[in-house]
Amino acid sequence: MGPVRTRIPPSPTGYLHVGNAWAAFFNWLFARHHGGQVVLRIEDTDPTRSSPEYERAIYEDLRWLGIEWDEGPDVGGPYGPYRQSERTGLYRAAADELVARGFAYPCYCTPEEIEAERARAQAERRAYRYSGRCRQLEPRERRAYEAAGRRAAIRLDLSSFRDPSRAQPGGWLQLRAQDGTERLCVVVRDLVRGEVVFALDELDDFLVVRSDGTALYNFANVVDDHGMRITHILRAVEHLSNTPRQLLLYHAFGWEPPEFAHLPVLVGPDRRKLSKRHGDAALREYREALYLPEALRNFFALMAWYPEDGREIFSTEELVARFDLKDVGRASPVFDRQKLVWMNGEYLRRLLREDPDRLAGLVADYLHRQGLLPDPKGPERLAYVRRVVEVLGERIKEGADVLRYGDFFFLELPHYDPKAVDAYLRSPEAARVLDLAAATLEGVQPFRAGEVEAAVRSMAQAHGLSMRQVVHPLRVALTGKTVGPGLFELMEVLGPDRVRDRLRHARTLAGAAEPAV
RNA sequence: GGCCCCAUCGUCUAGAGGCCUAGGAUACCGCCCUCUCAAGGCGGAGACGGGGAUUCGAAUUCCCCUGGGGCCA
């Protein structure tokens, strides 16, 4: 076999969501681990829901996540086209070939007739399977249907597969004892689940092309995957039940089927498949909320797979090196936001140490999106954001924390939390602290954390105040909140003018001062 | 309805017959540090869905049930 080739098959019907990004990442990991290639295929067969805008957004989100592809609609490649909407001729030709090889036949049953059959089966409480009544149509019966204006759909003819002599002891079609009888079975050899066996008589002559000429999912996928030389299909388990049908198709064409690996499905807290319904399902929202692609990759890997005991932080290179389908779990993991927040915090802290400028840039963009920073690229602004980031330090685990702990750095006046004001500002004692601080700070030169702290400490001592009594009212006065960075560091960043203004403003919120002693 | 997949703390998982008094992480709670918060340190609570079978011994193997998910649609 040649190099490993995997595929990422998004539908451009919306923004890339976390579940698909997760599966895409595994395809990428697997291909990279084996030094293989990744093919991006756009599954845009539904013209009413697909759009070029979403297609572009998917490229963008995938690249942001760090997933690259070697072939795709935008980069080209030898096995294109890579958009399903441009492959309809290929599907048609493949269907004709199947008919010519005697593995498929035209079916003139209308959807209404099929629906009626199905309803009857339901009413009689038996499993519905297509009757196969168009399989043996005489040429003149076909002509009659055509004359009546009916257009044929194409169905796969399973009858030839039902010949027990086709069974191969180690092959994909085997005779298996089931329920006490020997049954012809399609055996799927799944790289994560082992052998999964489907009785052939559970399957019927399924549709391959609709009467309007459009290809069905299973059929298009087989034609595409073979045409694009895909060697390994890593996809969600929800497709496991489709696999026997696809295997049938491969053999009808005389093609070597690829390897299959069915990954678990990412689910939400309600244990249902992650979808737009869950909110926060679009990968893009994480990007905008200051999540780091490297953190997401690490987190994605840990859902389904632990590279080794006792460690949780792995670089992408390590993940690539250690990736093995044998280790991938089979149960559906719940996408746990809280743990993602923690992991993102780990990566943000590392970034703070290793590349504070990059962090500052990301935070500046975030603030800009939040409407708190008009010009995020201005060098002066950036330098300021960088100082803020350093003062905020390891408090930032996601974008919201920048606002939670530091919005006041970017506001004319802080947004005063009423509870904080009630607790620390509305008292004569608080008013006195504010007055004392204003006076003390007036002379501090240079206005740096160390000097400011020394001044405030000696002031507290001189007036018999504890640091707690001093710090809390000042913090609320300057930031509007009870949580946040160290008081003196934050004062340095704010600078003497803003500190003075805010103290003055806060004074109006405070109670009347006790008579000076 | 038929078929298929899945099942360890709330969550992500380790565990592939004795190493398990079931380990780690996260979240939660407490203490320490401390100007608050965050980070960090220490500690706590918290799981093998149920029932059979195999075995000297089962979270680990087999069967049934239950629950969840999916395909046919």
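Below, chains carry the letters A, B, ... as their sequence lines are ordered, and counting in each starts from 1. Only a predicted model underlies this, so the values are computations on that prediction, with no experimental measurement involved.
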- Task: Whole angstrom is fine here: how far is it from CG in A/L474 over to P in B/C35?
- Result: 14 Å
- Message: Could you go through A/Q84 and A/D224, starting from their C-alpha distance and side-chain angles, then the distance that decides it, and tell me whether this counts as side chain to side chain donor-acceptor pair (under 3.5 Å)?
- Response: CA-CA 8 Å; A/Q84 286 191 326; A/D224 291 344; 2.8 Å; yes
- Query: Nearest-Å distance, CD (A/E394) to P (B/C37)?
  - Reply: 14 Å
- Query: When we call it a touch if two heavy atoms are under 4.0 Å apart, what does A/L487 touch: a base, just sugar-phosphate, or nothing?
  - Reply: base
- Message: Using a distance-only criterion (donor-acceptor N/O pair, under 3.5 Å, no hydrogens), is the base of B/C35 paired with the side chain of A/R475?
- Response: yes
- Message: Heavy atoms only, 4.0 Å cut-off, all strands: where does A/V456 land among base, sugar-phosphate and nothing?
- Response: nothing
- Item | For atom CZ of A/R271 and atom C1' of B/G10, their distance in whole Å | 10 Å
- Task: Please state how far atom CG in A/D401 lies from atom C1' in B/C37, giving the value in whole angstrom units.
- Result: 11 Å
- Item | Base B/G69 paired with A/S332 side chain (donor-acceptor, <3.5 Å) | no
- Message: Among B/C71, B/C37, B/C35, which nucleotide has an atom closest to any side-chain atom of A/V483?
- Response: B/C37
- Answer yes or no on whether A/R387 is positioned over the face of A/Y384, meaning its NZ or CZ is under 6.0 Å from the six-membered ring centre and within 45° of the axis. no
- Message: I want to verify a distance call: between B/C3, B/G40, B/C5, whose nearest atom is closest to the A/E202 side chain?
- Response: B/C3
- Consider the side chain of A/Y306, meaning its heavy atoms from C-beta on, and name the nucleotide among B/C6, B/G24, B/C35 that approaches it most closely. B/G24
- Does the B/C72 base have a donor-acceptor partner in the side chain of A/Y128 within less than 3.5 Å? no
- Distance between the C1' atoms of B/C71 and B/A53, in whole angstroms? 32 Å
- In whole angstroms, the gap separating C1' of B/G2 from CZ of A/F206 amounts to 17 Å
- Message: Is there a side-chain contact between A/K397 and the phosphate of B/A39, meaning an N or O under 4.0 Å from OP1 or OP2?
- Response: yes
- Mind checking A/G486 for me? I need base, sugar-phosphate or nothing, with any heavy atom below 4.0 Å counting as a touch. base
- Task: Check every strand shown and say whether A/A304 touches a base, only sugar-phosphate, or nothing at a heavy-atom separation below 4.0 Å.
- Result: sugar-phosphate
- Start at the 5' end of RNA chain B and walk down; is the nucleotide closest to A/V237 or to A/M467 reached first? A/V237
- Note on the structure: By the Watson-Crick or G-U definition, both distances under 3.5 Å, B/A45 is matched with none
- Item | Nearest-neighbour nucleotide for the A/R349 side chain, B/C72, B/A39, B/C12 considered | B/A39
- Message: Of the options B/C37, B/C71, B/C35, whose atoms approach the side-chain atoms of A/R245 most closely?
- Response: B/C71
- Query: Over how many whole Å does the gap from A/E112 atom CD to B/A73 atom P extend?
  - Reply: 15 Å
- Query: Tell me: CG of A/L263 to P of B/G70, nearest whole Å?
  - Reply: 16 Å
- Determine the Euclidean distance between corresponding C1' atoms of B/G69 and B/G52; express it in Å to zero decimal places. 26 Å
- Between A/R457 and B/C35, is there a side-chain N or O to OP1/OP2 distance below 4.0 Å? yes
- Distance below 4.0 Å between A/R395 side-chain N/O and B/A39 OP1 or OP2: no
- Query: With a 4.0 Å cut-off on heavy atoms, is A/V334 in touch with a base, just the backbone sugar-phosphate, or nothing at all?
  - Reply: sugar-phosphate
- Message: Go nucleotide by nucleotide along RNA chain B from the 5' end; which of A/L302 and A/E489 gets its closest nucleotide reached first?
- Response: A/L302
- Which of B/C35, B/A39, B/G24 is nearest the side chain of A/V471? It is B/C35
- Message: Checking base pairs now: Watson-Crick or wobble, both atom distances under 3.5 Å. What partners B/G40?
- Response: B/C32
- Message: Please report whether the ring centroid of A/H505 lies less than 6.0 Å from that of A/Y416.
- Response: yes
- A/Y347/A/F299 aromatic ring centres below 6.0 Å: no
- Take the protein atom CH2 of A/W342 and the nucleotide atom C1' of B/A38, then report the distance between them rounded to whole Å. 16 Å
- Message: Nearest to the side chain of A/R118, heavy atoms from C-beta on, is which of B/C5, B/C35, B/A73?
- Response: B/A73
- Between B/U8 and B/G23, how far is it from one C1' atom to the other, in whole Å? 11 Å
- Whole-Å P distance, B/C29 and B/C63: 44 Å
- Centroid-centroid under 6.0 Å between A/F30 and A/H232 rings: yes
- Message: Going by purine N1 to pyrimidine N3 plus the second Watson-Crick contact, or the G-U wobble pair, all under 3.5 Å, which nucleotide sits opposite B/C3?
- Response: B/G70
- Message: How about CZ on A/R129, more than 12 heavy atoms from neighbouring residues, nucleotides or ligands closer than 6.0 Å, or not?
- Response: yes
- Message: For A/Y105, does the six-membered ring have the charged nitrogen or CZ of A/R155 within the cation-pi criterion, i.e. under 6.0 angstrom from the centroid and within 45° of the normal?
- Response: no
